[in-house]
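The structure appears right after this line, and notes come after that.
Any value given below was found using the heavy atoms of this structure, including those in side chains, with hydrogens, waters and symmetry copies removed. Reminder, nothing fancy here: chain letters follow the sequence lines and each chain counts from 1. Note that the structure is predicted; figures quoted are calculated from it, not measured.
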Amino acid sequence: MEERFDHRNIEPKWQKYWQERRLYKTITDKSAKKFYCLEMFPYPSGKIHMGHVRNYAIGDVIARYKRMQGYNVLHPMGWDAFGMPAENAAIKHGVHPSKWTHENISYMKSQLNKLGLSYDWDREVATCTPEYYKWNQWFFIKMLQKGLAYKKTSYVNWCRSCATVLANEQVIEEKCWRCDSTVVQKELEQWFLKITHYAEELLSSSDELTGWPEKVVIMQKNWIGKSQGLEVDFRIDGMAESIRIFTTRPDTLFGATFLCLSPKHPLSGRLVSDKAELEKIIAHYGKEDEKAGLNTGHFCINPMNNEKIPIYVANFVLMEYGTGAIMSVPAHDQRDFDFAKKYNLPIRVAIIPPTQPSPSRGEGEGGGGSALSQAFEEDGILVDSGSFTGLKSSDAQATIAEFVEGKGLGKRVINYKLRDWGISRQRYWGTPIPVVYCDVCGIVPVPEEDLPVILPEDVKFTGTGGSPLLESESFLHTTCPSCGGKARRETDTMDTFVDSSWYFIAYCLKQGNGDWGFGISEKNNPDTSPESLTPNPLNYWMPVDQYVGGVEHAVLHLLYSRFFTRVIRDLGLISYSEPFRNLLTQGMVIKDGAKMSKSKGNVVDPDYLIERYGSDTSRLFSLFAAPPERDLEWSDKGVEGAYRFLNRIWAIVYKNRNALCVKGNESKDSNELWVMGNGLKDENSSRITHHASRLLRKTHQTIKKVTTDIEREYHFNTAIAALMELVNEMNSFEPGDSKDMQIMKFAIENTLLLLSPFTPHITEELWAHIGHDASISEKSWPAWDEELVREEEIELVIQVNGKLRGKLMIPCDLTEEEIKARALGDRKITEVIGAKKVRKVIVIKGRLVNIVIGE
RNA sequence: GCCGGAGUGGUGGAAUUGGUAGACACAAGGGACUUAAAAUCCCUCGUUGGCAACAGCGUACCGGUUCGAGUCCGGUCUCCGGCACCA
């Protein structure tokens, strides 16, 4: 055995050992209890960063821990391999996106292996391979058949710099989520996936996501944005048509003093004669600058009071939400209030606070709103509202809605903020959308048996805009699957979020080289043979038991995945609805108070770290320095501390190597050690020394602490702290006789077992040095003995009037009366009490005594 | 503005059900070993007063409940994250 710990030798050695023995290969075995541990797969950008190290270290500890507990663990890894950086690299450096991507994958895979992550690489998927994206296309066709995929012309978010469309979720403060350039509106024909079909289900079942952080669930709920309201028709004065508006405040209907149309509302074009003015409003559509409006000169009739009110076009009214038209109640909506002030429109109060006395008739008549400095948006009592005057807001909402419905003037509706998912991208490096355009037959889906539609490799990357697929003659021209005539392929590709919406399912199906074992193809019913020895892998492995990743995907990827899982369920392929049972969102890795980034120059290179300190140290530090869900402040000094800790363990084993590695000197099981430990209770017994019994107890306490800390939402930092305490205890223990050494060995073995999920290499090495043949990762997780966890003596804290006044060592089996007597008998305490009267004594067994005294 | 979350030593962080605030680590200071340094080991380490035993103060701030509050309740401030004209 080497005297010094040398990670450079040890880590590659054990990585090779695991690989050669295929220790982490997983098979679908119905008799075993399963655990699916998944970390978000990376985009192969070139190199991994510290965020990956942290993410994958967390996942790996969980996977290794569950494996030791006897679970059949699925722990796969793959590549989110389509995307724009590959294409940008092609434009900039002339490398084909495919080559660039595969080279990055190969390098990053070697990095992940250097971290000692226990993946089953036989299940590796890369989304840019035809074997993978074939199924993107298959899902698309299925959705097309079910009416869940459709094409429509609409205004879309367009990024000039990326020359492509962005989904709403990819626009952050009017900027592109990737390149940060300003997003403009452009009218285009686009493919959409009908996620709104599942809006209600995604919302209502989000309450069942009890294993998710609450904030993620709330973010999704807000994103779906359900609201109940009323649609009401306002007849246009002098025309046959009416305008349908949507409101969540029917109680304020009598306060409407004008009506606003979205500039994109079909009627806007007809009611406005000055098209140039309308264009000006459209230019400010949806922008967060000042409100801009345009008087159409037309009027409509408020059906509640038959009042004539003007119709405006307003830039802030969204066509995508509700009906694209609103009634404006400036007295009770701040936006309408601002608009009314700007354009000098009347303000009429229809609701007053319950505490305010009713205005006299005279005041009410005039509208009473001119005195307002801002809108009163809360609920209250209705005034000037015809027969509804005097009602409370909450009652009036229902009553007025019934009235409107009864008169046939409108209906109650539920609206969602969630929009359908636009998936068309005018880009090359993505999944081709499998449809063709035929002059005779129109839009024709590519037949399932012709999938995949292969992305052609012979294209040029000029970067001058437009999809390279438009230039590929061989790809573009095809025949119509329906009539056999000439046809043209769709040249748009899919949003890469489609790829990641079901990759967790792909892992379950893939079992090795090219073999997908794809039970979900065509007519294959998933549960035809429930007793079969090879169960449907989807129903066995799914859902994911633990998903680990960054919170930045709270509404994007995580919502799309929930949507896709439901689509796949409704295709009859699986029987559950939620893909991820438990979700852990890990915090960012920050340095000098900021997220690591090249521009800030505060990045830590994982390659350097692994070379210098090794992967065990890197993993240990990133797990020790903060609990997983919190941001992790990087500290070079802290890494050295973790390294020192591993060296200390090494030194302990080295120091005791001769005594420890003697074969046949296997450590006693806990029963036998319990007997030894018990012997100590008898004061005359010298079976084991006081020191040894303390170490034995500490070992059992540590097994318990580490286990419960991991179970308690993966509090690795405190679990590691407990192991450090145990190592400190071992350090101060000098084994004398063979009994001492047995206990020392027991402590060391358990330390290594408990530490092995965190730092798998050094624990394998030391495990071998103390005389074991098999891999430590195949051992069972240790168990503790509750008898041996318990202390014989405890430190009793004595408080007087809640203030700490003394401490006393007492046997832990004293009765309450005895404890009380000892506390009151303590010399220091009697001094403090003095002549004062003891009013009350509170005894908390095993913890403290509080003596309440008074005059 | 709305919805979340968080404020604890010089620093990262502990304190699991209301019961010893500061585990564990980093940094700092002192010491041992060494010709010297590195490494390692030992000691000190919230703050104020005191040689000391000890005492006072202390978990963003103010108040409340309680024998007892970092933890529960009410209010205030600050920071972070998400959403943001969704009618």
Which atom pairs, one a donor and one an acceptor, fall under 3.5 Å between side chains of residues 259-267 of chain A and the rest of the protein, sequence neighbours left out?
residue  : atom : partner  : partner atom : Å
A:Ser262 : OG   : A:Lys264 : N            : 3.2
A:Ser262 : OG   : A:Val317 : O            : 2.9
A:Ser262 : OG   : A:Met319 : N            : 3.4
A:His265 : ND1  : A:Leu267 : N            : 3.1

Inset, instruction - Nearest-nucleotide wise, let me know which of A:Gly225 and A:Lys828 is further upstream toward the 5' end of RNA chain B. - result: A:Lys828

Inset, instruction - Grab the CZ-P distance between A:Phe758 and B:C24 for me, whole Å please. - result: 18 Å

Legend entry - Euclidean distance, atom CE of residue A:Met724 to atom P of B:A23 [Å, nearest integer]: 14 Å

Inset, instruction - Classify the glycosidic conformation of B:G4 as syn or anti, calling it syn when the angle lies within 90° of 0. - result: anti

Inset, instruction - Measure from the side chain of A:Ala721, starting at C-beta and using heavy atoms only, and say which of B:A87, B:C24, B:C83 lies closest. - result: B:C24

Legend entry - From A:Met40 atom CE to A:Gln586 atom CD, the distance as rounded to the nearest 0.5 Å: 8.0 Å

Legend entry - Between A:Glu786 and A:Trp784, a side-chain donor and acceptor under 3.5 Å: yes

Inset, instruction - Please name all residues satisfying ring pair (Phe, Tyr, Trp, His ring centres under 6.0 Å) with A:Phe733, sequence neighbours left out, ordered by chain then number. - result: none

Inset, instruction - Output the single nucleotide from B:A25, B:C85, B:U20 whose closest atom is nearest the side chain of A:Arg648. - result: B:A25

Legend entry - Minimum side-chain heavy-atom gap A:Asn315-A:Lys291 below 4.5 Å: yes

Legend entry - Interatomic distance where NZ belongs to A:Lys595 and C1' belongs to B:G81 [whole Å]: 12 Å

Legend entry - A:Tyr654 OH to B:U40 C1', straight-line distance once rounded to whole Å: 15 Å

Inset, instruction - Kindly say if A:Arg4 contacts the phosphate of B:U40, meaning a side-chain N or O under 4.0 Å from OP1 or OP2. - result: no

Inset, instruction - Identify which nucleotide among B:A87, B:C85, B:G19 has an atom closest to any side-chain atom of A:Leu848, counting heavy atoms from C-beta outward. - result: B:G19

Legend entry - Spacing between A:Leu804 atom CG and B:G58 atom C1', to the nearest angstrom: 15 Å

Legend entry - Short side-chain N/O contact from A:Ser635 to OP1 or OP2 of B:A27, under 4.0 Å: no

Anything under 3.5 Å between a protein N or O and an N or O of nucleotides 67-70 of chain B, put it in a table, one pair a line.
residue : atom : partner  : partner atom : Å
B:C67   : O2'  : A:Asn850 : ND2          : 3.3
B:C67   : O2   : A:Asn850 : ND2          : 2.5

Legend entry - Rounded distance (Å) that lies between atom P of B:C24 and atom CG of A:Leu755: 17 Å

Inset, instruction - For B:A25, take OP1 and OP2 only and decide whether either is under 4.0 Å from a side-chain N or O of A:Asn728. - result: yes

Legend entry - Within residues 253-266 of chain A: residues closer than 4.0 Å to RNA chain B (heavy atoms): none

Inset, instruction - Could you work out which one of B:A55, B:C24, B:U20 sits closest to the side chain of A:Arg847? - result: B:U20

Where do N or O atoms of nucleotides 4-15 of chain B meet protein N or O atoms at under 3.5 Å, pair by pair?
residue : atom : partner  : partner atom : Å
B:G12   : O2'  : A:Ala625 : O            : 2.8
B:G13   : O3'  : A:Asn717 : ND2          : 3.4
B:A14   : OP1  : A:Asn717 : ND2          : 3.1
B:A14   : OP2  : A:Arg630 : NH2          : 3.0
B:A15   : OP1  : A:Arg712 : NH2          : 3.2

Inset, instruction - Could you pick out which residue, A:Tyr416 or A:Ala642, lies toward the 5' side of RNA chain B when each is mapped onto its nearest nucleotide? - result: A:Ala642

Legend entry - Runs of at least three Watson-Crick or G-U pairs with RNA chain B, cut-off 3.5 Å: B:1-7 with B:77-83, B:10-12 with B:24-26, B:28-32 with B:40-44, B:46-49 with B:54-57, B:60-64 with B:72-76

Legend entry - Whole-Å gap separating P (B:A28) and NZ (A:Lys637): 6 Å

Inset, instruction - Round to the nearest Å and state the distance from A:Glu640 atom CD to B:U40 atom C1'. - result: 14 Å

